[in-house]
Amino acid sequence: MAQNTRTVGTPTNVTQKHNKGGIGESTLRPDGTLKVTGEFAYSSDMWHEDMLWGQTLRSTVAHAEIVSIDISEALAMPGVYSVLTYDDLPAEMKNYGLEIQDTPVLANGRVRHHGEPVALVAADHPETARRAAAKIKIDYRELPLVTDEASALAADAPLIHEGRDDHHSGHVPHPNIVHRQPIIRGNVEEARKRADVIVEGEYTFGMQDQAFLGPESGLAVPSEDGGVDLYVATQWLHSDLKQIAPVLGLPEEKVRMTLSGVGGAFGGREDISMQIHACLLALATNKPVKIVYNRFESFFGHVHRHPAKLWYEHGATKDGKITHMKCKIVLDGGAYASASPAVVGNASSLSVGPYVIDDVDIEAIALYTNNPPCGAMRGFGAVQACFAYEAQMDKLAAKLGMDPVEFRQLNAMEMGTIMPTGQVVDSPAPVAELLRRVKARPLPPERQWETAGEGADVRALPGGLSNTTHGEGVVRGVGYAVGIKNVGFSEGFDDYSTARVRLEVINGEPVAMVHTAMAEVGQGGVTVHAQIARTELGVTQVTIHPADTQVGSAGSTSASRQTYMTGGAVKNTCEAVREALLEMGRRKNGSYHPAWAHAELLLEGGKVVTDGGEVLADIADILENEAIDLELEFRHRPTVAFDLKTGQGDGHVQYTFAAHRAVVEVDTELGLVKVVELATAQDVGKALNMLSVVGQIQGGTTQGLGVAVMEEIIVDPKTAKVRNPSFTDYLIPTILDTPTIPVDVLELADPNAPYGLRGLGEAPTLSSTPAVLAAIRQATGLELNKTPIRPEALTGTL
């Protein structure tokens, strides 16, 4: 898509340097060709002899009592094998959830959001299953709706979940609050007195969908031992397992899960969707059952990004130093908790941005409402905060008459900065340098609208192929933004990953097999695991075992954590295998060659060599008919939960940073926007595969562009129903909307991380959105405090 540049900083702790296809090389993805040619098998492609098709019946209203359910007509249809409702669930545990088990497998006497699952059907044909579900008759008695902060926190507000045992005065002052996290540091009122200028703003962030292209799907196969084998597209096999087994009434060892082809995720597959439903139907019918959502159902089958209301106040002295910050962030969590508590922790702890501000007063909450459930999405709470605090930085710079980039650089954090939570940033934080790099990049050439005439390429104009403008009223704007994101699970969560590595000789060649439960969702983890194995074991041939629950957990493919965590597990296990191999070599050959006693022996090109390059033995000759097979866990350094009153605590493992410069052209008469370029700079610690690094950065940047100018799930405030559950009405950027994205990669090693790497997948999603908004503001002079920007906001026709 665009060229990239690369800057190497502090040397990283790479064990081996000379193995072809190892880390640092842009090795090609093993699944890449299959995916672009359409040959890759996704979960929706699975098939089993004599399988049935499952269908979910979902509520047509957002909040109602279920008066009655009549399934008789559905059961009477030829080809229907089973119809299940809440009363048919087999176990005492009938709820599930990532952090709070508040989500019913099927609605129990009440629905809390539009599209909630109410009944299941299994039939011998997908159309039969669909028609049977349509014949189920449900009598609803609609209940008052909770749709926003005012209706959720009113004294007489309907309670979304009665009897919450974690509701207590102080931490969660109202039962419709899922979680609350304040952060207090310094003295805001005293600091406010030192401010020469104060700015405040109210910001609204729309509900974004992950919009992965592969819909939710899976195949459940009953087994002879009374258990079930589930093949599914997910982000976290072992988390699914812990939620699925109890509601099936089975021990975990009888629920065997295997990852099938995943067509994207971005957080939307971290929660359960069809997994339990398929297993229930398979066990009820004793036949394999496949469920595949269509696009319409997919919008109801997974959580979305939290919409948010954010209020901020900042002060600064006349020489440009920020004095204080106050903010309140209200996230709409929808009907069920999902990952809302963790999202609140991220939003609050990162709400200050990558800046030095000693005096802060922060509060973040997530609400229960009757809107669609919201949870994990790329950026995880930091996206909403970045949109608001970066708008505030531009307001402060304008009020002080300062350049917006220089103002940010003046206040930029660096290594040694103390976060509002009291945590010290103990690895490189090149915020000012990232901003310098995006600003220094040459701007794209100006377009000469007045001379373009009939020969103009309309694809380059605002409105594109709609051919609505030929340059009249088009103005250019440039905007900047920078963001901070945490890496890995935080706040004391036992975040670990497991890897099994086997080294053996096959057909005379040493071959490594890497087995993890990591969900490959398109991020390129399988590529990196093979690179690590080649680097650490000096082999050419590496086999990646299919991900399943027959090996220990790899955690979720989220939080920018997999290269750090499962990559770290593969690295550590390979190192242990290498040491076992060297010990085997010492036993066999040590008495014949004194070099075996050297501490620094390397594996390169299938051989054991000294650090001086002397070959001691072939790996294959050492192993002969034996194999080394080890499974180890890897953990990052410990974190702690934020204090529930002050927000203090070393809650995060690692921080990562990205900056963007957006160049836009806006038709001010029609309200159309063309993003011409989105230049970015990011510190990745160590690029294990530069091709993958650039792809991740450009992909995240494009998702941030989408929420800036087009993406939003529209929920009717009167009915709490989703109005646009399709790719016809929910718009995502196409290749014609995506601009040139030059990428500048810094590699400043984190001494605490494997190879010095830094998780990178989420950070570009943060700052791309506010950079685009800043550029549109600069072009139009409008305040624009809501995402996405729609034409009516630019033309004054709201």
Side-chain angles (χ1 to χ4, degrees), residues 6 8 10-30 497-504 509-516 518 520 523-545 554 562-582 585 599-613 615-620 622-623 628-632 634 684-693 745 747 749-760:
R6 176 177 185 171
V8 179
T10 307
T12 52
N13 54 322
V14 180
T15 307
Q16 312 285 342
K17 299 180 180 178
H18 308 294
N19 291 313
K20 183 175 176 56
I23 65 168
E25 294 186 25
S26 288
T27 58
L28 298 180
R29 298 167 56 128
S497 191
T498 314
R500 176 187 170 209
V501 176
R502 180 181 177 88
L503 183 63
E504 61 185 326
E509 289 273 340
V511 177
M513 184 275 292
V514 177
H515 185 188
T516 77
M518 179 206 70
E520 173 57 67
Q523 83 279 15
V526 293
T527 314
V528 168
H529 290 178
Q531 290 180 266
I532 292 172
R534 294 188 193 104
T535 296
E536 301 298 338
L537 297 176
V539 299
T540 301
Q541 300 297 322
V542 179
T543 300
I544 303 297
H545 191 286
Q562 278 293 7
T563 304
Y564 191 125
M565 295 302 301
T566 307
V570 173
K571 178 178 184 292
N572 279 9
T573 308
C574 284
E575 289 172 344
V577 169
R578 183 177 71 230
E579 289 308 310
L581 175 75
L582 293 176
E600 293 296 328
L601 295 179
L602 309 177
L603 305 184
E604 293 182 1
K607 302 178 185 304
V608 179
V609 301
T610 67
D611 52 4
V615 176
L616 299 184
D618 287 344
I619 293 174
I622 296 173
L623 286 170
I628 301 172
D629 196 329
L630 297 175
E631 181 176 320
L632 297 176
F634 172 78
V684 304
K686 168 66 181 177
L688 302 197
N689 185 312
M690 183 60 78
L691 189 63
S692 289
V693 164
V745 176
E747 296 181 85
D750 179 349
N752 301 299
Y755 301 118
L757 66 84
R758 198 179 297 275
L760 66 93

Chemist: What pair of heavy atoms forms the shortest contact from Gly606 to Pro510, and how long is it?
Modeler: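 Smallest heavy-atom distance, with atoms named: CA-CG, 4.4 Å.
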
Chemist: Please round to the nearest 0.5 Å and tell me the distance separating atom NE2 of His529 and atom CD of Gln562.
Modeler: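 One finds 6.5 Å between NE2 of His529 and CD of Gln562.
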
Chemist: List in chain and number order the residues that pass side-chain hydrogen bond (donor to acceptor under 3.5 Å, both in side chains) with Ser497, two or more places apart in sequence or in another chain; answer none if no residue qualifies.
Modeler: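 In terms of side-chain hydrogen bond (donor to acceptor under 3.5 Å, both in side chains), with neighbours along the sequence ignored, Ser497 is linked to Thr566.
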
Chemist: Please report the interatomic distance CG(Leu688) to NZ(Lys571), rounded to the nearest 0.5 Å.
Modeler: 10.5 Å

Chemist: Output the distance between atom CG (Asp750) and atom CG (Leu757), rounded to the nearest 0.5 Å.
Modeler: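 So the CG of Asp750 and the CG of Leu757 are separated by 8.0 Å.
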
Chemist: Rounded to the nearest 0.5 Å, what's the gap from CD1 on Ile23 to CD on Gln531? Could you check?
Modeler: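 Nearest 0.5 Å value for the CD1-CD distance: 8.0 Å.
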
Chemist: Quick one: closest heavy-atom pair of Glu25 and Lys20, and the distance?
Modeler: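 Heavy atoms of Glu25 and Lys20 come nearest at OE2-CA, 3.7 Å.
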
Chemist: Quick check on Gln541: does its CD atom have over 12 non-hydrogen neighbours (other residues, nucleotides or ligands) under 6.0 Å away?
Modeler: no

Chemist: Kindly say whether Gly605 contributes a backbone atom to a donor-acceptor pair with the side chain of Asn19 at under 3.5 angstrom?
Modeler: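 Yes; at least one donor-acceptor contact below 3.5 Å.
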
Chemist: List for me each residue that meets side chain to side chain contact (heavy atoms under 4.5 Å, CB included) alongside Ala530, sequence neighbours excluded, and say none if there are none.
Modeler: Arg534, Val542, Ile544

Chemist: With distance as the sole test, does Glu536 use its side chain to make a donor-acceptor pair with the main-chain N or O of Ile532 at under 3.5 Å?
Modeler: no

Chemist: Report the C-alpha distance between Arg29 and Glu520 in whole Å, list the side-chain angles of each, state the deciding distance to 0.1 Å, and finish with yes or no for side-chain contact (heavy atoms from CB on, under 4.5 Å).
Modeler: CA-CA 11 Å; Arg29 298 167 56 128; Glu520 173 57 67; 3.9 Å; yes

Chemist: So which heavy atom on Ala512 is nearest to which on Leu537, and how close?
Modeler: CB-CD1, 3.9 Å

Chemist: Minimum heavy-atom separation for Phe634 and Pro754, please, with both atom names.
Modeler: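 In terms of heavy atoms, the two residues are closest at CZ-CG, 3.8 Å.
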
Chemist: How far does CG of Leu601 sit from CG of Asp611, to the nearest 0.5 angstrom?
Modeler: 8.0 Å

Chemist: Could you work out, with side chain to side chain contact (heavy atoms under 4.5 Å, CB included) as the rule, every residue matching Ala499, not counting sequence neighbours?
Modeler: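 Side chain to side chain contact (heavy atoms under 4.5 Å, CB included) check on Ala499 returns Thr516, Ala569, Val570, Thr573.
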
Chemist: Report the C-alpha separation of Val539 and Glu509 in whole Å, then their side-chain angles, then the decisive distance to 0.1 Å, and conclude whether the side-chain contact (heavy atoms from CB on, under 4.5 Å) test is met.
Modeler: CA-CA 9 Å; Val539 299; Glu509 289 273 340; over 6 Å; no

Chemist: Under the side chain to side chain contact (heavy atoms under 4.5 Å, CB included) rule, collect the residues that match up with Ser26, sequence neighbours excluded.
Modeler: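 Ser26: side chain to side chain contact (heavy atoms under 4.5 Å, CB included) contacts with Asn689, Met690, Leu691.
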
Chemist: Got a sec, which residues hit side chain to side chain contact (heavy atoms under 4.5 Å, CB included) with Glu631, two or more places apart in sequence or on another chain?
Modeler: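 Thr498, Arg500, Val551.
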
Chemist: Roughly how far apart are Leu623 CG and Leu503 CG, rounded to 0.5 Å?
Modeler: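 Going from the CG atom of Leu623 to the CG atom of Leu503 covers 5.0 Å.
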
Chemist: Could you work out, with salt bridge (charged side-chain N to carboxylate O under 4.0 Å, His left out) as the rule, every residue matching Glu504, not counting sequence neighbours?
Modeler: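 Checked Glu504 against salt bridge (charged side-chain N to carboxylate O under 4.0 Å, His left out); matches are Arg502.
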
Chemist: What do the steps show when you test Met518 against Gln523 for side-chain contact (heavy atoms from CB on, under 4.5 Å), and what is the final call?
Modeler: CA-CA 11 Å; Met518 179 206 70; Gln523 83 279 15; 3.6 Å; yes

Chemist: Under the side-chain contact (heavy atoms from CB on, under 4.5 Å) rule, what do Leu582 and Leu603 come out as? Steps first, then yes or no, please.
Modeler: CA-CA 9 Å; Leu582 293 176; Leu603 305 184; 4.1 Å; yes

Chemist: Between Pro30 and Val526, is there a side-chain heavy-atom distance shorter than 4.5 Å?
Modeler: yes

Chemist: Do you know the tightest heavy-atom contact between Thr610 and Leu602?
Modeler: O-CD1, 4.5 Å

Chemist: Quick one: closest heavy-atom pair of Gly585 and Ile622, and the distance?
Modeler: N-CG2, 3.8 Å

